[in-house]
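Step one of this worksheet: look at the structure below.
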Protein chains: 2
Amino acid sequence: MKQEKVLYQDFLQSKNLKLTKPRLIIMEAVLENHDHFNVDDLYEQIKMKHKDVSRATIYRTIPLLIESGLVKQSLRCESKDIYEHTYGHENHLHFICTNCGKILESSFNEVEKLINQLAKNENFKISEYNLGASGLCKDCKK
Amino acid sequence: MKQEKVLYQDFLQSKNLKLTKPRLIIMEAVLENHDHFNVDDLYEQIKMKHKDVSRATIYRTIPLLIESGLVKQSLRCESKDIYEHTYGHENHLHFICTNCGKILESSFNEVEKLINQLAKNENFKISEYNLGASGLCKDCKK
DNA sequence: ATGCATTTGAGATTCATTCTCAATAAAGTT
DNA sequence: AACTTTATTGAGAATGAATCTCAAATGCAT
């Protein structure tokens, strides 16, 4: 998406950060992901395309992607931090299968309304939702 | 609470695990916590009472406490796993302040109902909820 | 008490993440 | 286009939470 690139560029500019090749490569890799990924996923994905960026730079760039609103941190998996590409992707609930690791996503609107109300009662300003449940998916239930 | 101790003992017995002194000490420390704690918190808490258990044993014992239903894993904080004493404590939502680190808890019933319905639609069997949002608490909003 | 299997403690190990620092690249200036 | 300044990068070292190892200690049935 063009729009995301612009958003990212504007963000970098507003912070006096340079639009470097590694930062672009990493952003592009993220845009290709329409679900969850971790640092190693990005690293492999970038290598696959014969580009090259160090892991250190990926680790350094993720906070920028988060601040610019393209990405958010998600649940952890296999003791690694995982992230999701959020811009242009609706918020959703995660149902994580503890048996096979699959992540189902479910709609969010009603839950969001309810949570917003609760937050209002507490006078709390939500900036990010983190909603899910773990258990067994339909295949593993049997 | 007596009941939790019994539950724990029964669990250990059912798995042919021994009821050792360290396992009791750790359980007692957990029972004293009515909110969130990490491994170091438990370690310090135990030392304070002039008892002694190694960190390794705490790490080994937590999965037992989780399996027996006294404790559940919660969000992470400062890159440490954190846990909460759940037995006899209602489920709740967490509102985590990204500025001061405070954790507010809010009621849960309606959200639970809604999520249960969504899980049912996906044919997913929930074993544990993980519900929260991060943002700014009323003091940090200003 | 005795014997056997389990558990413990201490320290070593692992592995994701962060840090360090010399080398490199971006972007503005002439 | 070459020069300057300052931010950024890559490689490897460092950190630190969590896990593992193994000899010594403990629980528990007999």
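Numbers restart at 1 for each chain; the letters A, B, ... are given by sequence-line order, proteins then strands. Side-chain atoms are counted along with the backbone in the values below, which use heavy atoms only and exclude waters and symmetry mates.
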In whole angstroms, the gap separating P of C/dG9 from CZ of B/R23 amounts to 11 Å

Of C/dG9, C/dA27, C/dT18, the nucleotide closest to the side chain of A/Y59 is C/dT18

Exactly one candidate in A/Q45, A/H85, A/E4 meets side chain to side chain contact (heavy atoms under 4.5 Å, CB included) with A/V30; the answer is A/H85

Does the side chain to side chain donor-acceptor pair (under 3.5 Å) test come out yes or no for A/H89 and A/E105, once each step is laid out?
CA-CA 12 Å; A/H89 294 66; A/E105 295 177 352; over 6 Å; no

Nearest-nucleotide check on DNA chain D, B/K18 vs B/R55; residue mapping nearer the 5' end is B/R55

B/I25 CD1 to C/dT7 C1', in whole Å, measures 14 Å

Ranking B/L17 and B/A56 by the position along DNA chain C of their nearest nucleotide, the one closer to 5' is B/L17

### Message
With a 4.0 Å limit, can you tell me whether A/S79 has a side-chain N or O closer than that to the phosphate oxygens OP1/OP2 of C/dC15?
### Response
no

Here the distance between atom C1' of C/dT18 and atom NZ of A/K80, to the nearest Å, is 17 Å

With sugar-phosphate meaning primed atoms plus P, OP1 and OP2, does B/D40 contact a base, only sugar-phosphate, or nothing at under 4.0 Å between heavy atoms?
nothing

Query - Polar contact flag, side-chain donor to acceptor under 3.5 angstrom, B/H92-B/E112 - result: no

Quiz item: B/N123 side chain to B/A119 main-chain N or O, any donor-acceptor pair under 3.5 Å?
Solution: no

Chain A vs DNA chain D, heavy-atom contacts under 4.0 Å, first-to-last nucleotide span, 5' to 3', is D/dT6 to D/dA11

Between CD1 of B/I58 and P of C/dT7 the distance, given in whole Å, is 17 Å

Residues pairing under ring pair (Phe, Tyr, Trp, His ring centres under 6.0 Å) where one sits in residues 105-134 of chain A, two or more places apart or in two chains, turn out to be A/F108-A/Y129, A/F124-B/F95

Closest to the 5' end of DNA chain D, once B/L19 and B/Y83 are matched to their nearest nucleotides, is B/Y83

From CD of A/E78 across to C1' of C/dT17 the rounded distance in Å is 17 Å

Between NZ of B/K51 and P of C/dT8 the distance, given in whole Å, is 15 Å

**Asked** Taking atom types as they are modelled, is there a donor-acceptor pair under 3.5 Å from the base of C/dG9 to the side chain of B/R60?
**Response** yes

- prompt: Within the structure shown, what part of the strands sits under 4.0 Å from B/N38 by heavy-atom distance: base, sugar-phosphate, or nothing?
  reply: nothing

Going by chain and number, the hydrophobic cluster around A/M48 (ILVMFWY, side chain to side chain under 4.5 Å) further includes none

| request: For A/E32 and A/K49, run salt bridge (Lys or Arg N to Asp or Glu O under 4.0 Å): C-alpha distance rounded to whole Å, both residues' side-chain angles, the deciding distance at 0.1 Å, then the answer. | output: CA-CA 12 Å; A/E32 286 168 12; A/K49 307 190 81 181; 2.8 Å; yes

